[in-house]
> 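If you scroll down you'll find the structure; I have some questions about it.
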Number of protein chains: 2
Amino acid sequence: MSDNLASKITDSELEVMKLLWHASDALPVTEIREQLQRSKGWEPATIKTLISRLVSKGVVRQEKRNVYYYSPVISEKEYSSWATKDLITRIYNGKASDLIASLVSSNGLTKDDIAELREMFKVEE
Amino acid sequence: MSDNLASKITDSELEVMKLLWHASDALPVTEIREQLQRSKGWEPATIKTLISRLVSKGVVRQEKRNVYYYSPVISEKEYSSWATKDLITRIYNGKASDLIASLVSSNGLTKDDIAELREMFKVEE
DNA sequence: AAAAGCAGTTTACAGTTGTAGCTTAAGCAA
DNA sequence: TTGCTTAAGCTACAACTGTAAACTGCTTTT
């Protein structure tokens, strides 16, 4: 995913992306609207603006059926790993382990997190 | 660190913060300017604007001597752990271990990182 | 067919950010 | 002291963001 695409997903737009990511299929504006209106209290116009911007940015695709259906061009995984690497670049001098060290030292990890991580980094074989 | 402070440090401003964080003491504008002019190619006016904004935001303190000296109010560690938690909240549903899992699965970790992490999460005692 | 409703498009508007110039006042050099 | 240099403060301005209204044309209802 190029820097040009992901870097431009703003906070509000991200809410729309999340919805699309969690949908199993392309969604018409009606459904997007219904959910975001409830969860975010946004006006229909606002939601339409956000969708349009995402389409211009190339991260959401629209297909014309009776009415437009929208689906994400980039996956949630792609986006989040991009965002994570971006954070590491910007504030941890590119060292991923510094990020994790920071999490550890700032108590950013729950007991469960730590248990999972022990599992994850257990020396296997 | 309140949300109001850290969330408002922008990318450009962050460059100024980094400089102040790495300085052992408060710095006069001249020194800040000299370094950022070289490393970033920014005009003096730009640098002054960024410093002023950081002061308004309360993340940089100024003390009047002959001339103003600037120093960070929040530490780099505070900031980076805040930014990390913010990322986890925004895109990993609050689960720190999901962030790390994402790093692992997207090959965001070098061999060295992994070695360090094994060490870090080794079951001790 | 006339009216109503709504998808899609265009326009709006204030706040933030990146980037920088202009003005004013004070210290230093001549 | 008289002007030059520059710190500090104020102003600028376009792009991006959050938020939304207005308009336009098609579909559906009466």
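Hydrogens, waters and symmetry mates play no part in the numbers below; they use all other heavy atoms, side chains included. Keep in mind it's a predicted model, so treat the numbers as computed, not measured. We name chains A, B, ... by the order of the sequence lines, and we start the count at 1 in each one.
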> For Leu27(A) and dA7(C), give me the distance from atom CG to atom P, rounded to whole Å.
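About 14 Å, once rounded to whole Å.
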> Minimum heavy-atom separation for Gln62(A) and Tyr70(A), please, with both atom names.
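Taking Gln62(A) first and Tyr70(A) second, the nearest heavy atoms are OE1-CE2, 3.4 Å.
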> With sequence neighbours excluded, tell me which residues meet side-chain hydrogen bond (donor to acceptor under 3.5 Å, both in side chains) with Ser52(B).
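Counting only residues at least two positions away or on another chain, Ser52(B) forms no side-chain hydrogen bond (donor to acceptor under 3.5 Å, both in side chains).
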> May I ask you to evaluate whether Thr30(B) reaches the phosphate of dA7(D), defined as a side-chain N or O under 4.0 Å from OP1 or OP2?
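No.
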> Rounded to the nearest Å, what distance is computed from the CD1 atom of residue Ile9(B) to the P atom of nucleotide dG18(C)?
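Nearest whole value for this atom pair: 12 Å.
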> For the pair made of NZ in Lys64(A) and P in dA7(C), what is the distance, rounded to whole Å?
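Atom-to-atom, Lys64(A) to dA7(C), this comes out as 12 Å.
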> For DNA chain D, find the residues of residues 11-23 of chain A with a heavy-atom distance under 4.0 Å and give them by number; none if there aren't any.
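Correct list: Asp11(A), Ser12(A).
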> Once side-chain contact (heavy atoms from CB on, under 4.5 Å) is applied, do any residues pair with Val67(B), and if so which ones, sequence neighbours excluded?
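Scan of Val67(B) (side-chain contact (heavy atoms from CB on, under 4.5 Å), adjacent residues dropped) gives Pro28(B), Tyr69(B).
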> Test your reading of the model: is there a side-chain donor-acceptor pair from Lys85(A) to the backbone of Ser106(B), 3.5 Å cut-off?
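Checked: pair present.
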> Examine distances only and state if a side-chain atom of Thr84(A) and a backbone atom of Ser80(A) form a donor-acceptor pair shorter than 3.5 Å.
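Indeed, once roles are kept as given, a pair shorter than 3.5 Å links the two residues.
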> Classify the nucleic acid contact of Tyr70(A) as base, sugar-phosphate or nothing, counting any heavy atom under 4.0 Å across all strands shown.
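Sugar-phosphate, backbone atoms only, no base.
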> Can a salt bridge be assigned to the pair Glu13(B) and Arg53(B) using a cut-off of 4.0 Å between side-chain N and carboxylate O?
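No, this pair does not count.
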> Do side-chain atoms of Trp21(B) reach the backbone of Ile74(B) as a donor and acceptor pair under 3.5 angstrom?
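Checked: pair present.
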> Residues from residues 33-43 of chain B sitting under 4.0 Å of DNA chain C, heavy atoms only?
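The stretch gives Trp42(B), Glu43(B) as the residues lying under 4.0 Å from the strand, ordered by number.
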> So if I take residues 45-54 of chain B and measure heavy-atom distances to DNA chain D, which residues fall below 4.0 Å?
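Only Lys48(B), Arg53(B) qualify.
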> Calculate the interatomic distance between Tyr68(A) atom OH and dT27(D) atom P; express it in whole Å.
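Checked: the OH to P distance equals 13 Å.
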> Check Asp112(A), Thr110(A), Asp113(A) against Ser97(B) for a side-chain hydrogen bond (donor to acceptor under 3.5 Å, both in side chains) and give me the one that passes.
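By the side-chain hydrogen bond (donor to acceptor under 3.5 Å, both in side chains) criterion, Ser97(B) pairs with just one of Asp112(A), Thr110(A), Asp113(A): Asp113(A).
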> Evaluate Glu15(B) against Leu19(B) for side-chain contact (heavy atoms from CB on, under 4.5 Å), listing each step before the verdict.
CA-CA 6 Å; Glu15(B) 297 301 322; Leu19(B) 210 161; over 6 Å; no
> Tell me whether Lys57(A) contacts the main-chain N or O of Lys8(A) through its side chain, where contact means a donor paired with an acceptor under 3.5 Å.
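At least one qualifying donor-acceptor pair exists.
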> Under the side-chain hydrogen bond (donor to acceptor under 3.5 Å, both in side chains) test, which residues partner Ser71(A), sequence neighbours left out?
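By the side-chain hydrogen bond (donor to acceptor under 3.5 Å, both in side chains) rule, Ser71(A) matches Arg61(A).
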> Rounded to the nearest Å, what distance is computed from the OH atom of residue Tyr69(B) to the P atom of nucleotide dA7(D)?
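Nearest whole value for this atom pair: 11 Å.
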